[in-house]
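Computed from heavy atoms alone, side chains included, the values below leave out hydrogens, waters and symmetry copies. Letters go in sequence order (proteins before strands), and every chain restarts at 1. Since the model is a prediction, treat every value here as computed from it, not as a measurement.
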Amino acid sequence: MLITFPDGAQKEFAKGTTPLQVAASISGGLARAVVAAKVNGELVGVAEPIEADCKFELLKFDSDEGKSVYWHSTAHLLAQAVKELFPDVKVAIGPAIENGFYYDFEREDAFSEEDLEQITQKMKELSQKKFAYQRQVVSRSEALEYFQKQDEKYKVELLAAIGDDQTISMYSQGDFTDLCRGPHLPDTGGIKAIKLLKTSGAYWRGDEKNKMLKRIYGISFPSNKELNQYLANLEEAKKRDHRLLGKQLDLFSFSSRIGAGLVLWHPKGALIRNFIESFWKEQHLKNGYSLVNTPHIGKAELWETSGHLGFYDESMYSPLNIDEQNYYIKPMNCPFHIEIYNSSKKSYRQLPVRYAEMGNVYRYERAGTLHGLMRVRGFTQDDAHIICMKEQIDAEVKKTVEFSIFMLKSFGFEDFEIYLSTKPEEKFVGELEDWHKAESALENALVELGIDFKVDAGGGAFYGPKIDIKIKDALGRSWQCSTIQFDFNLPTRFNMEYVGKDNSLHRPYMIHRALLGSLERFFATLLEYHGGNLPMWLSPEQVRIIPISDQFLDYAKKVENFLVDAGYRVQISDEDQGVGYKIRQAENQKIPYMIICGEQEQKAGTASVRKHTQGDIGCFELEKLSEILS
RNA sequence: GCCAAAGUAGCUCAGUGGUAGAGCAACUGAUUCGUAAUCAGUAGGUCGUGGGUUCAACUCCCAUCUUUGGCUCCA
């Protein structure tokens with residue numbers, strides 16, 4: 001049979017040759033590094049015989065698919081080790097994930113640190129025994145019989161869900177057999193460096209009505225060097241965590257006396273936030289938005305009309321009773337903006353209207369979901385609602401997407417993930433035609449602007465399709481920031497109208513959008529993205545002036561006045577300390593520039609400039625400083 | 001909300017069934033200094049909160065608040 005390699009080369013092999021043998025024949029000793037293969041685009045184990053002509057590719061650990069196979073095999077090894085140490089434990093599922101793998105088990109007690117240590121040792125022991133991962137294709141009844149006998153109820157349940165037309169395969173290594181599609185490494189000996197990272201609870205099949213299982217997360221590598229590198233990177237990433245930086249730089253805090261998820265912005269954090277807001281307002285005015293302001297509470301009737309009391313009440317704070325009326329704290333700004341729209345009769349000549357507001361909202365997020373500034377209970381959405389006619393949709397969507405990307409780039413972001421979420425299968429409101437129109441407007445905008453995006457089919461809200469932009473945090477977790485959503489629900493509920501050219505009433509289209517998402521979350525991603533080293537224009541303190549001793553304090557003040565006049569945010573380090581100490585303080589505070597003033601500078605009328613993280617960049621005349629400090 | 005872990009001085013952390021310790025920060029004094037920590041001294045804590053067990057609780061138990069990692073949710 002003829003095998004075609006990715007570079008186009010072809011070679012004849014005997015029928016039944018395995019990818020491992022192919023690898024050995026073409027790359028000699030390198031064959032050991034091969035963890036999987038692709039036959040006609042399909043991922044296969046390197047020990048599986050190839051039966052016919054095919055396109056063929058070898059995969060090493062450094063490829064995404066290679067990692068996935070490697071980690072999946074490690075997950076099986078984990079299950080094997082757990083079953084040997086704790087025979088009563090029931091196994092559920094154990095896939096590879098973006099970074100490593102996990103396996104879910106049913107066990108009464110949680111896995112302790114000591115358990116993990118013991119399991120790791122057992123895994124290493126089993127790895128050294130080099131058990132082959134043996135694949136066997138079985139019938140459903142054979143598989144059922146096996147797992148029933150083993151009393152593995154989760155596997156039995158999984159089998160029930162597999163279609164009759166699908167092949168059922170099981171993989172065995174040593175005494176352990178798992179229901180699995182594969183593929184796997186040839187044997188457990190390939191797994192060299194293992195680290196079990198953490199444990200957690202996880203609902204069976206991700207449904208909170210089901211039993212909560214015990215999950216173990218881990219990662220593995222072909223060498224200890226790679227594992228240590230990964231763990232070191234993880235430690236490094238933790239230093240960029242916005243919660244840590246927020247404390248170090250004194251930007252914000254929480255108080256248990258005030259309540260969970262309610263942010264206290266300290267002077268420096270609030271200043272940065274103000275710079276963001278000012279920029280935001282300026283840009284919105286430039287882009288044809290009208291700035292509005294709306295209250296924090298609204299009567300129950302409002303939320304009944306909007307429908308939030310029906311489908312969102314679990315996320316709303318309990319009402320305040322005022323004059324026999326229930327008032328709710330707003331979880332969203334939309335109804336308020338709609339009331340502004342509805343406050344007067346609108347003509348098609350006035351459309352589109354774009355109402356924007358930094359709207360403070362409060363949502364009761366479940367206690368376990370709160371996370372620093374990323375998920376809080378009281379936050380500020382950079383919200384806007386675009387209300388327009390059908391024929392304006394395409395232009396409005398395109399403008400909004402462009403604006404969104406512009407905003408993110410203005411803050412230095414280059415890497416983000418963009419998702420287009422389309423109509424849910426069931427449970428949606430509005431006309432199909434409108435959905436299609438809106439979806440194509442969203443998609444066209446992305447395509448025309450040449451933006452890469454992923455489609456989340458059926459992932460839209462019940463009221464409309466949307467584009468989301470997600471940004472990753474220091475530890476690689478994605479957080480949704482920008483969102484552009486159509487809404488086919490509220491315009492009807494609030495009976496929004498405009499008078500058309502034909503002098504009759506029409507229902508406008510509404511787009512709900514937030515470009516930064518929430519200021520809190522945006523601020524957090526901003527901090528993490530820059531590792532706390534904010535761009536100059538956002539730094540609360542841009543220059544720290546460091547006199548060598550008190551004798552040069554007067555000169556330092558002269559430099560300060562000069563810089564303040566030039567528009568910089570400056571402070572003098574006047575404590576009774578050495579230069580090294582003062583520089584250290586400024587470096588730790590991540591102040592972009594330091595200016596050292598001593599005898600030389602005073603005599604020459606210059607300033608010695610030191611740049612954060614870079615060090616001394618030279619001595620300059622005061623007039624030249626504005627060219628240097630940027 | 002669920003499964004876990006944690007909460008000791010402003011911060012980072014040690015500690016133990018007999019009533020609390022370090023470093024940094026703060027304060028005072030000395031020092032007047034050239035590119036990431038000058039020296040000495042002083043002060044600072046109802047050990048998250050509320051109950052319970054005990055002769056005795058920071059330590060053990062229960063509840064609660066908050067935080068952390070996940071799960072779920074995220075209109």
Side-chain angles (χ1 to χ4, degrees), chain A residues 97 102 104 107-113 197-217 238 241 243-244 247-248 250 253-262 306-308 310-316 331-332 334 361 363-372 374-375 381 421 429 460-464 466 468 475 477 479-480 483 485 487 489-490 512 514 517 521 546-553 575-589 594-601 608-619:
Chain A
I97 52 177
Y102 67 77
D104 287 346
R107 188 195 189 206
E108 218 33 62
D109 302 322
F111 289 102
S112 65
E113 286 289 322
L197 295 164
K198 58 199 175 195
T199 58
S200 90
Y203 298 107
W204 166 237
R205 305 199 124 186
D207 188 334
E208 72 185 310
K209 292 187 196 82
N210 289 340
K211 190 175 172 71
M212 182 158 264
L213 306 172
K214 304 290 190 292
R215 176 172 296 179
I216 298 176
Y217 285 93
K238 280 184 187 163
D241 191 310
R243 293 166 298 184
L244 193 65
K247 211 171 255 179
Q248 277 171 4
D250 194 19
S253 66
F254 295 90
S255 158
S256 64
R257 210 185 285 253
I258 293 173
L262 302 170
S306 71
H308 287 100
F311 57 76
Y312 201 68
D313 64 328
E314 277 186 7
S315 297
M316 289 168 73
M332 290 170 198
C334 338
V361 298
R363 299 182 184 175
Y364 174 76
E365 300 286 354
R366 296 164 88 176
T369 67
L370 299 175
H371 180 94
M374 293 289 193
R375 176 165 280 113
Q381 283 186 309
S421 302
V429 298
F462 78 84
Y463 52 77
K466 59 177 180 173
D468 291 326
L475 291 174
R477 295 171 289 207
W479 298 92
Q480 182 191 306
T483 186
Q485 315 184 344
D487 193 323
N489 184 41
L490 293 179
H512 167 107
R521 182 176 290 180
I546 299 173
I548 300 272
S549 74
D550 303 2
Q551 294 169 37
F552 309 106
L553 205 52
E575 60 270 70
D576 181 9
Q577 289 286 357
V579 186
Y581 178 88
K582 293 178 183 177
I583 287 176
R584 186 178 157 80
Q585 296 304 307
E587 289 283 356
N588 286 341
Q589 288 298 304
M594 285 144 272
I595 286 182
I596 286 97
C597 298
E599 197 178 350
Q600 295 159 29
E601 289 78 12
S608 174
V609 181
R610 183 188 163 100
K611 196 169 183 181
H612 173 52
T613 72
Q614 285 180 27
D616 195 348
I617 58 169
C619 208

Within the 4.5 Å heavy-atom criterion, are [X] and [Y] side-chain neighbours or not?
X	Y	answer
A/Glu314	A/Arg366	no
A/Phe111	A/Arg215	no
A/His512	A/Cys334	yes

Between [N] and [M], how far is it from one [atom1] atom to the other, in whole Å?
N	M	atom1	answer
B/rA43	B/rG48	C1'	24 Å
B/rU42	B/rC47	C1'	23 Å
B/rG52	B/rC13	C1'	30 Å
B/rA37	B/rA25	P	12 Å
B/rA4	B/rA40	C1'	47 Å

Ion pair [X]/[Y], N-O distance below 4.0 Å:
X	Y	answer
A/Asp241	A/Arg243	yes
A/Arg610	A/Glu587	yes
A/Glu575	A/Arg584	no

Residue [X], side-chain heavy atoms: nucleotide from [options] that is nearest:
X	options	answer
A/Tyr217	B/rU67, B/rC33, B/rC71	B/rC71
A/Ser549	B/rG34, B/rU32, B/rC73	B/rU32
A/Met212	B/rC33, B/rC73, B/rC71	B/rC71
A/Lys198	B/rU35, B/rC33, B/rG70	B/rG70
A/Asn588	B/rG1, B/rU35, B/rA36	B/rA36

*How is A/Glu599 classified with respect to the nucleic acid when contacts are heavy atoms under 4.0 Å: base, sugar-phosphate, or nothing?*
base

*Please assess A/Tyr102 against A/Asp104 for the test side-chain contact (heavy atoms from CB on, under 4.5 Å), listing each intermediate value before the final yes or no.*
CA-CA 7 Å; A/Tyr102 67 77; A/Asp104 287 346; 3.6 Å; yes

What is the distance, to the nearest angstrom, from the [atom1] atom on [X] to the [atom2] atom on [N]?
X	N	atom1	atom2	answer
A/Gln589	B/rA37	CD	P	16 Å
A/Leu197	B/rC71	CG	P	14 Å
A/Arg584	B/rA25	CZ	P	9 Å
A/Asp250	B/rA26	CG	P	13 Å
A/Asp550	B/rC33	CG	C1'	10 Å
A/Leu262	B/rC65	CG	C1'	13 Å
A/Arg366	B/rG70	CZ	P	17 Å
A/Lys582	B/rU38	NZ	C1'	13 Å

Is there a side-chain contact between [X] and the phosphate of [N], meaning an N or O under 4.0 Å from OP1 or OP2?
X	N	value
A/Arg477	B/rG69	yes
A/Tyr581	B/rC39	no
A/Arg243	B/rU68	yes
A/Arg610	B/rA36	yes
A/Arg215	B/rG69	no
A/His371	B/rG70	no
A/Tyr203	B/rC73	no

*More 5' along RNA chain B: A/Gln577 or A/Asp207, using each one's nearest nucleotide?*
A/Gln577

*Of A/Lys466 and A/Gly580, the one whose closest RNA chain B nucleotide lies more 5'*: A/Gly580

Identified pairing partner of [N], criterion: Watson-Crick or G-U wobble below 3.5 Å:
N	value
B/rC55	B/rG18
B/rG69	B/rC3
B/rU64	B/rG48
B/rG23	B/rC11
B/rA40	B/rU28

*asked:* Check this for me: does the side-chain of A/Glu314 come within 3.5 Å of the base of B/rG1 through a donor and an acceptor?
replied: no

_Side-chain donor/acceptor contact of A/Ser256 with base of B/rU49 under 3.5 Å_ = no

Could I get a table of every N or O pair under 3.5 Å where one atom is in the protein and the other is in nucleotides 4-15 of chain B?
| from | atom 1 | to | atom 2 | distance (Å) |
| --- | --- | --- | --- | --- |
| B/rU12 | OP1 | A/Lys247 | NZ | 3.3 |

*Above 12 or not: heavy atoms from other molecules or residues under 6.0 Å from CD of A/Glu599?*
no

